[in-house]
Amino acid sequence: MGSEAEDKIEKDGGASDSECKADTGVPEVPPPADDTPEVLNKALSGLSSRWKNWWVRGILTLAMIAFFFLIIYLGPMVLMMIVLCVQIKCFHEIITIGYSVYHSYHLPWFRTLSWYFLLCVNYFFYGETVTDYFFTLVQREEPLRILSKYHRFISFALYLSGFCMFVLSLVKKHYRLQFYMFGWTHVTLLIVVTQSHLIIHNLFEGMIWFIVPISCVICNDIMAYMFGFFFGRTPLIKLSPKKTWEGFIGGFFSTVVFGILFSYLMAGYRYFVCPVEFSNDSNSFTVDCEPSELFQLQDYTLPSVLESITVLRESLYPFQIHSIALSAFASIVGPFGGFFASGFKRAFKIKDFANTIPGHGGIMDRFDCQYLMATFVNVYIASFIRGPNPTKVIQQLLALRPDQQLHIYNSLKAHLTEREPLLK
């Protein structure tokens, strides 16, 4: 694994020859077996491998889209559970590659500690989410209030326990490999768990912030593949030899148009645009509200050049304008998540992260661009959309002692009294 310079540094640092020898000769990851359903194999047996792969990918893509709409119909709670399941599966696929590469060294506790750190990080992030979005429920239940108050300390203590277990597991001949795997686990946590946490935060802002970005990435993936399959001639990037400029450009324009139309369709329904909130009365999630100005039709004066474009109307939802930014990111920057994954797979000489979905590879192969998109959407909302939330301010005020509440009341009263002439 290490370069000649690394080996020299390791040798100068006092590492033994046996340790350097133990860290070389990394085995390749065995390729996954073909798991295409037998029914499809028989039905497509007369086609060339190129067209067979096209049909397999197409059929499974339609099945995944149908499943996507099903979980949307089932509501936000099911969506959150699906996000968690996808996160765990992606983590499993990446960690399995690491274990496949280094299993012959019998590194102690590698998989155990990897899953333990996943548990710790999820406890931290989901605890923060519960405290933030279920504040009144947490304050109502004494055990939850205690856990919320000391949440970060408990999370740090859990992580510290795993850190100490890692140090105790170090074996003399495999120090460098063990630190490789320690870094492998933490980078995987950064890529997978942090991004899935952001996806859930986007979902709480309104399901439209979850559905439209994901749909734009899916649209770009499909249209880039279609344009590349039928018209592709010019290679785009060496990391992915099958990617072409024709597919990249065709995917961009298709995704922007799709984003505008799909946003117009969804922005008219409260179920999609209202923030996901927890109701204390029903002890369940609610998605009912008075839509903000972002989701109310407004008249715009369009340039004469754009008036002839049928997808653009004078009456638009402001969210449609934001959807152009989301679509552009999904089609221009989003694919670099896929290129990053391609580079990772090439580094370990594997075609896919797993063989979970025939014709598509593993779950991580389908979500490599989604995680990058989730970060952008979260940053975009925080920078251009989200404002102060009076509900959360009131919830925090109600958690204070009476004397603190009275002090804030008097301060606010004095401030409003000073501004009264300006408010008239």
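In what follows, every heavy atom counts, from backbone to side chain, and hydrogens, waters and symmetry copies are set aside. The structure displayed is predicted, hence computed values, not measured ones.
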#### Entry: Other residues, nucleotides, ligands: >12 heavy atoms within 6.0 Å of Phe230 CZ
yes

### Query
Given the side-chain rings of Phe163 and Phe166, with only the six-membered ring counted for Trp, is the space between their centroids under 6.0 Å?
no

### Main-chain N/O of Tyr126 paired to His197 side chain as donor or acceptor, under 3.5 Å
no

### Query
Taking the inter-plane angle between the rings of Trp245 and Phe248 on a 0 to 90° scale, is it parallel (under 30°), tilted (30 to 60°) or perpendicular (over 60°)?
perpendicular

### Query
Which heavy-atom pair separates Ile94 from Thr188 by the least distance, and what is that distance?
CG2-OG1, 3.3 Å

### Message
Are the side chains of Pro213 and Asn202 in contact, using a 4.5 Å heavy-atom criterion?
### Response
no

### Query
Where the side chain of Ser148 meets the backbone of Leu144, is there a donor-acceptor pair that is under 3.5 Å apart?
no

### Query
Any side-chain heavy atom of Glu293 sitting closer than 4.5 Å to one from Pro318?
no

### Separation of Asn378 CG from Ser383 OG (nearest 0.5 Å)
9.0 Å

### Heavy-atom pair of closest approach, residues Phe339 and Ser240
CD2-OG, 3.9 Å

### Task
Under the side-chain contact (heavy atoms from CB on, under 4.5 Å) rule, what do Phe231 and Thr244 come out as? Steps first, then yes or no, please.
CA-CA 9 Å; Phe231 309 108; Thr244 63; over 6 Å; no

### Between NE2 on residue His322 and CD1 on residue Ile385, distance to nearest 0.5 Å
3.5 Å

### Query
Pairs in or reaching into residues 203-222: which pass ring-ring contact (aromatic ring centres under 6.0 Å, His included), with residues at least two apart or in two chains?
Tyr133-Phe204, Trp209-Phe319

### Query
Going by heavy atoms in the side chains, are Val377 and Phe329 under 4.5 Å from each other?
no

### Query
Are side-chain heavy atoms of Val193 and Phe125 found at a separation under 4.5 Å?
yes

### Query
More than 12 non-hydrogen atoms from neighbouring residues, nucleotides or ligands closer than 6.0 Å to CZ on Arg270, yes or no?
yes

### Summary
Nearest heavy-atom contact between Gly334 and Leu372 is O-CD2, 4.2 Å

### Query
Should the ring pair Phe182 and Phe179 be called parallel, tilted or perpendicular, given that the plane angle runs from 0 to 90° and is split at 30 and 60?
perpendicular

Side-chain donor-acceptor contacts of residues 70-93 below 3.5 Å, not counting sequence neighbours, with atom names and distances?
from	atom 1	to	atom 2	distance (Å)
Gln87	OE1	Asn122	ND2	2.7
Gln87	NE2	Asn122	OD1	3.1
Gln87	NE2	Ser196	OG	2.9
His92	NE2	Thr96	OG1	3.4
Glu93	OE1	Ile363	N	3.4
Glu93	OE1	Met364	N	2.9
Glu93	OE2	Thr356	OG1	3.4
Glu93	OE2	Ile363	N	2.8

### Task
Could you tell me whether Arg386 and Glu205 have a side-chain N and a carboxylate O separated by less than 4.0 Å?
yes

### Task
Taking Tyr317 for its side chain and Leu265 for its backbone only, find out whether a donor-acceptor pair lies under 3.5 Å.
no

### Message
Return the CG to OG distance between Leu119 and Ser114, rounded to the nearest 0.5 Å.
### Response
12.5 Å

#### Entry: More than 12 heavy atoms from other groups under 6.0 Å of OH on Tyr269
no

### Message
Give me the atom names and distance for the closest heavy-atom approach of Cys289 to Pro275.
### Response
SG-CD, 3.9 Å

#### Entry: Donor-acceptor pair, side chain of Asn220 and main chain of Cys216, under 3.5 angstrom
no

### Message
Let's go through Phe68 and Ser215 carefully: what are the C-alpha distance in whole Å and the side-chain angles of both, what is the deciding distance for side-chain contact (heavy atoms from CB on, under 4.5 Å) to 0.1 Å, and is it a yes or a no?
### Response
CA-CA 10 Å; Phe68 178 61; Ser215 300; 3.7 Å; yes

## Note on the structure
Residues passing the side chain to side chain donor-acceptor pair (under 3.5 Å) test with Tyr123, sequence neighbours excluded, are none

### Task
Give a yes or no on whether the backbone of Val217 and the side-chain of Asp221 come within a donor-acceptor separation of less than 3.5 Å.
no

### Query
Quick one: are Leu189 and Leu118 in side-chain contact, heavy atoms under 4.5 Å?
yes

### Message
Would you call the rings of His186 and Tyr159 parallel, tilted or perpendicular, taking 30° and 60° as the class edges?
### Response
perpendicular

### Query
Which distance, rounded to the nearest 0.5 Å, do you find between the OG1 of Thr255 and the CG of Leu326?
12.0 Å

#### Entry: 4.5 Å side-chain heavy-atom contact, Ile154 and Phe124
no

### Message
Tell me if the centroids of the rings in Tyr99 and Trp115 come within less than 6.0 Å of each other.
### Response
no

### Task
May I ask you to decide if Ile260's main-chain N or O and Gln320's side chain share a donor-acceptor pair within less than 3.5 Å?
yes

### Message
Within this structure, what is the CZ-NZ distance for the pair Phe340 and Lys345, rounded to the nearest 0.5 Å?
### Response
12.0 Å

### Query
What's the shortest heavy-atom distance between Tyr116 and Ser161, and which atoms?
OH-CB, 3.6 Å

### Message
Quick check: Phe353 with Phe344 (ring centres under 6.0 Å apart)?
### Response
yes

### Message
Keeping Arg233 on the side-chain end and Glu246 on the backbone end, is there a donor-acceptor pair under 3.5 Å?
### Response
no

### Task
Flag the pair Ile65 / Ile222 as yes when at least one side-chain heavy-atom distance between them is below 4.5 Å, and no otherwise.
yes

### Message
To the closest 0.5 Å, what do you measure between SG (Cys219) and CZ (Phe258)?
### Response
5.0 Å

### Query
Between Ile214 and Met373, does a side-chain contact (heavy atoms from CB on, under 4.5 Å) hold up when you go through it step by step?
CA-CA 8 Å; Ile214 286 182; Met373 187 72 189; over 6 Å; no

### Message
Between Ile199 and Leu203, does the side-chain contact (heavy atoms from CB on, under 4.5 Å) criterion hold? Intermediate values first, please.
### Response
CA-CA 6 Å; Ile199 290 177; Leu203 178 60; 5.7 Å; no

### Where Leu113 and Ser169 come nearest, the two heavy atoms and their spacing
CD1-OG, 4.2 Å

### Task
Please examine the side chains of Ile97 and Trp184, heavy atoms only from C-beta on, and report whether any two atoms are closer than 4.5 Å.
yes

